[in-house]
Amino acid sequence: KAGVTQTPRYLIKTRGQQVTLSCSPISGHRSVSWYQQTPGQGLQFLFEYFSETQRNKGNFPGRFSGRQFSNSRSEMNVSTLELGDSALYLCASSLGTYSSGNTIYFGEGSWLTVV
Amino acid sequence: AQRVTQPEKLLSVFKGAPVELKCNYSYSGSPELFWYVQYSRQRLQLLLRHISRESIKGFTADLNKGETSFHLKKPFAQEEDSAMYYCALINYGQNFVFGPGTRLSVLP
């Protein structure tokens, strides 16, 4: 069974631009969650989607948004990029929501560099 | 606010020695706690969760509500245990809160 797939793996953007990252969950998984990992702040939860609905949201500004499609694939978007948005963005999927006790499986992440 | 702290950024032990990775949390309620591990060049993965009370790869973790701790222990460390370990909890808002991580290095 294929794991969680994230694209692109690496990208460089300029301040002020926007970026869209994509996540394909494990087949059959309906929940997708996103995380930002930086050396300074560590691993921080962004949001979780289940059945196309945002279930939970972390403490991030409105520039960070996401959505989930009917096939459970998810995208996250960051608008008006700032230098501090440079990070590894991880996606994870689970059968149901993680708060229901479902194990989450992580992707390899998308490395975003903002210059 | 809910927080997870891991006081050690780096922990080095010799092979065969006991290892304990510390995790403390601040949370007013009954938390759901986890340990995640990331081996070199591999994805972050679940190691264990407190509700299952299982031992994975020889690791155990006991929830101590009085001390608000969830330390990860293994009696005899192996070189393949070298990795980054993250303690995490699910809080009231059902958000995941991760600790800063501890890098475990098991020396031969």
Side-chain angles (χ1 to χ4, degrees), chain A residues 1-7 9-10 23-26 29 31-51 53-60 64 66 87-111, chain B residues 1-10 21-27 29-54 56-57 59 61 63 83-104:
Chain A
K1 201 186 239 189
V4 177
T5 305
Q6 293 187 243
T7 56
R9 291 294 318 283
Y10 305 91
C23 174
S24 293
I26 292 172
H29 284 194
S31 171
V32 172
S33 49
W34 289 89
Y35 307 81
Q36 182 196 63
Q37 187 172 26
T38 61
Q41 299 297 319
L43 197 56
Q44 297 185 87
F45 168 80
L46 278 157
F47 27 65
E48 181 193 25
Y49 285 87
F50 179 76
S51 294
T53 302
Q54 188 178 86
R55 293 265 305 175
N56 302 295
K57 190 176 192 306
N59 189 25
F60 277 82
F64 292 81
L88 174 66
Y89 290 88
L90 292 169
C91 167
S93 76
S94 55
L95 280 170
T97 60
Y98 59 69
S99 57
S100 302
N102 291 277
T103 299
I104 62 172
Y105 297 86
F106 283 89
E108 293 181 293
S110 292
W111 284 97
Chain B
Q2 293 79 23
R3 286 188 65 193
V4 177
T5 56
Q6 295 176 251
E8 302 130 335
K9 275 191 174 180
L10 173 66
L21 292 96
K22 291 184 168 52
C23 170
N24 289 90
Y25 64 90
S26 61
Y27 183 73
S30 296
E32 187 165 359
L33 285 148
F34 306 81
W35 276 98
Y36 282 83
V37 61
Q38 188 165 27
Y39 301 101
S40 178
R41 302 188 206 288
Q42 293 189 29
R43 305 174 185 214
L44 191 61
Q45 58 187 288
L46 177 67
L47 181 62
L48 56 79
R49 61 176 65 190
H50 90 275
I51 57 172
S52 59
R53 296 185 176 278
E54 48 189 355
I56 306 292
K57 299 185 178 183
F59 283 98
L63 176 60
M84 193 74 180
Y85 291 80
Y86 295 93
C87 182
L89 69 74
I90 293 180
N91 65 16
Y92 276 130
Q94 304 301 325
N95 294 346
F96 251 116
V97 179
F98 286 86
T102 296
R103 181 167 297 283
L104 174 64

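Per chain, numbering begins at 1; letters A, B, ... match sequence-line order.
Within a 6.0 Å sphere centred on CZ of B/Phe98, other residues, nucleotides and ligands contribute more than 12 heavy atoms.
Contacts of B/Phe34 with chain A are absent, with no heavy-atom separation under 4.5 Å from either backbone or side chain.
Contact record, A/Phe106 with B/Arg43: O-CD, 3.2 Å, taken as the closest heavy-atom pair.
Residue-level contacts of residues 39-50 of chain A with chain B, in order of numbering, are A/Leu43, A/Phe45; threshold 4.5 Å between heavy atoms.
Taking the salt bridge (Lys or Arg N to Asp or Glu O under 4.0 Å) definition, one finds that A/Arg9 meets it with A/Glu108, sequence neighbours left out.
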